[in-house]
Amino acid sequence: SVATTYIGHRTGPRVLTGDISRGSPMSIDAGILFCDVRNFTAMSENFSTDDVVRFMNRIFDCIGEATSQRGGEILKFMGDAVLIVFRRNKFESDPIMARTIIEAVQESTQAVAQLKLELPLDVSVGFGAHMGKVVYGNMGTADRLDFTVMGPAVNIAARLETLTKKIGATLAVSQEVAQFAPELTSFGTHQLKGISEPIGVWGLRDGHAPGYG
């Protein structure tokens, strides 16, 4: 129970079975969803530490419930950001995985918007999503390891999330995701930091969450 709570419902059992060798990487196909809580700095300046922790846990609940119900796993929290992995082998096809990720974002966004009506918060969430191969495994120092994912797909998802603030979007996705969701809005081509070639970007504008039937 402790391993699952702290490491994840798929990663935790790997640790318990002794898969804790430094390295031991594997290449997997996955959907990567990167989420960031906006206006966190203002919230932390205006509320007590206890309130900030309580509010952030409520926000993370919104995201965790929406993603875990759809096969996603929160791999790690990084301050006010969340890294979520959807393993390709859990889905029948790429289109199903892509649309599942988008639906998880829609539900998360709507849940956070509802939370704002209940709590004295002026926060929102932004998401970046990409699909591709990632390296998954134990990484770190000789005496401190972490199960994580890395690779260009992770970097693209993170950069897409950062881009949402600039383009006025709740969600920004790559062509790998957008090709299966024609309802998404095109935001043109953008050069992402650390990515060699410009990429096409699609997504959901702030406050816009089309249904999928």
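- Taking each heavy atom of I63 and C35 in turn, the nearest pair found is CD1-SG, 3.5 Å.
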What do the steps show when you test T164 against R38 for side chain to side chain contact (heavy atoms under 4.5 Å, CB included), and what is the final call?
CA-CA 11 Å; T164 60; R38 299 171 179 171; 2.7 Å; yes

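- Taking both residues in full, the closest heavy atoms of V123 and K116 are given as O-CD, 2.8 Å, listed atom of the first, atom of the second, then distance.
- Residues I101 and V177 have side chains not in contact (no heavy-atom distance under 4.5 Å, counting atoms from C-beta outward).
- When the side chains of ILVMFWY residues are joined at heavy-atom separations under 4.5 Å, either directly or via intervening members, L121 and L117 end up in two distinct hydrophobic clusters.
- Nearest heavy atom pair, residue C62 against residue L115, reads SG-CD2, 4.3 Å.
- Criterion: ILVMFWY side-chain heavy atoms under 4.5 Å apart, direct or through other members. Under it, V37 and L119 are part of a common hydrophobic cluster.
- At least one donor-acceptor pair closer than 3.5 Å links the side chain of R99 to the backbone N or O of F180.
- Taking OG of S108 as the reference point, atom CD1 of I59 lies at 11.5 Å (rounded to 0.5 Å).
- Remark: S44 OG to D80 CG distance equals 9.0 Å, nearest 0.5 Å.
- For K193 against R159, the heavy-atom pair with the smallest separation is O-NE, 2.9 Å.
- Between D51 and R54 there is a salt bridge, since a side-chain N of the basic residue sits under 4.0 Å from a carboxylate O of the acidic one.
- Exactly one of V85, L33, I84 qualifies for a side chain to side chain contact (heavy atoms under 4.5 Å, CB included) with I74. That residue is I84.
- In this structure, OG on S196 lies 7.5 Å from CD on Q191, to the nearest 0.5 angstrom.
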Which is it for I28 and R88 under the side chain to side chain contact (heavy atoms under 4.5 Å, CB included) test, yes or no, and what are the steps along the way?
CA-CA 8 Å; I28 64 172; R88 173 63 180 80; over 6 Å; no

Would L184 and I102 satisfy side chain to side chain contact (heavy atoms under 4.5 Å, CB included), going step by step from the backbone distance to the final call?
CA-CA 10 Å; L184 297 180; I102 294 169; 3.9 Å; yes

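- Residues meeting the ring-ring contact (aromatic ring centres under 6.0 Å, His included) test with F91, sequence neighbours left out: none.
- One distance of note links CZ of R70 with CD of E107; it measures 4.0 Å at 0.5 Å rounding.
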For F34 and V154: C-alpha separation, side-chain torsions, deciding distance, then whether side chain to side chain contact (heavy atoms under 4.5 Å, CB included) applies.
CA-CA 8 Å; F34 198 93; V154 181; 5.7 Å; no

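- Its side chain within the 4.5 Å cluster rule, L192 clusters with I156, L160, L163, I167, F187, I195, I199, V201 among the Ile, Leu, Val, Met, Phe, Trp and Tyr residues.
- For E118, the CD atom is densely surrounded, since the number of other residues' heavy atoms within 6.0 Å is greater than 12.
- Across all non-hydrogen atoms, the minimal contact from M43 to M56 is CE-SD, 3.3 Å.
- To the nearest 0.5 Å, the span separating CG on N46 from CG on D122 amounts to 9.5 Å.
- Contact detail for E161 and G126: the closest heavy-atom pair is CG-O, 3.4 Å.
- Aromatic ring pairs are classed by plane angle as parallel below 30°, tilted from 30° to 60° and perpendicular above 60°; the pair F60 and F77 is tilted.
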Name every donor-acceptor pair, under 3.5 Å, that has one atom in a side chain of residues 128-135 and the other anywhere in the protein, sequence neighbours excluded.
residue: H130; atom: ND1; partner: S174; partner atom: OG; Å: 2.6
residue: K133; atom: NZ; partner: D29; partner atom: OD1; Å: 3.2
residue: K133; atom: NZ; partner: D29; partner atom: OD2; Å: 3.4

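- Distance CE/M78 to CG/D36: 9.0 Å, rounded to 0.5 Å.
- Of the possible donor and acceptor atoms, one in the side chain of Q179 sits under 3.5 Å from a partner among the backbone N and O of E176.
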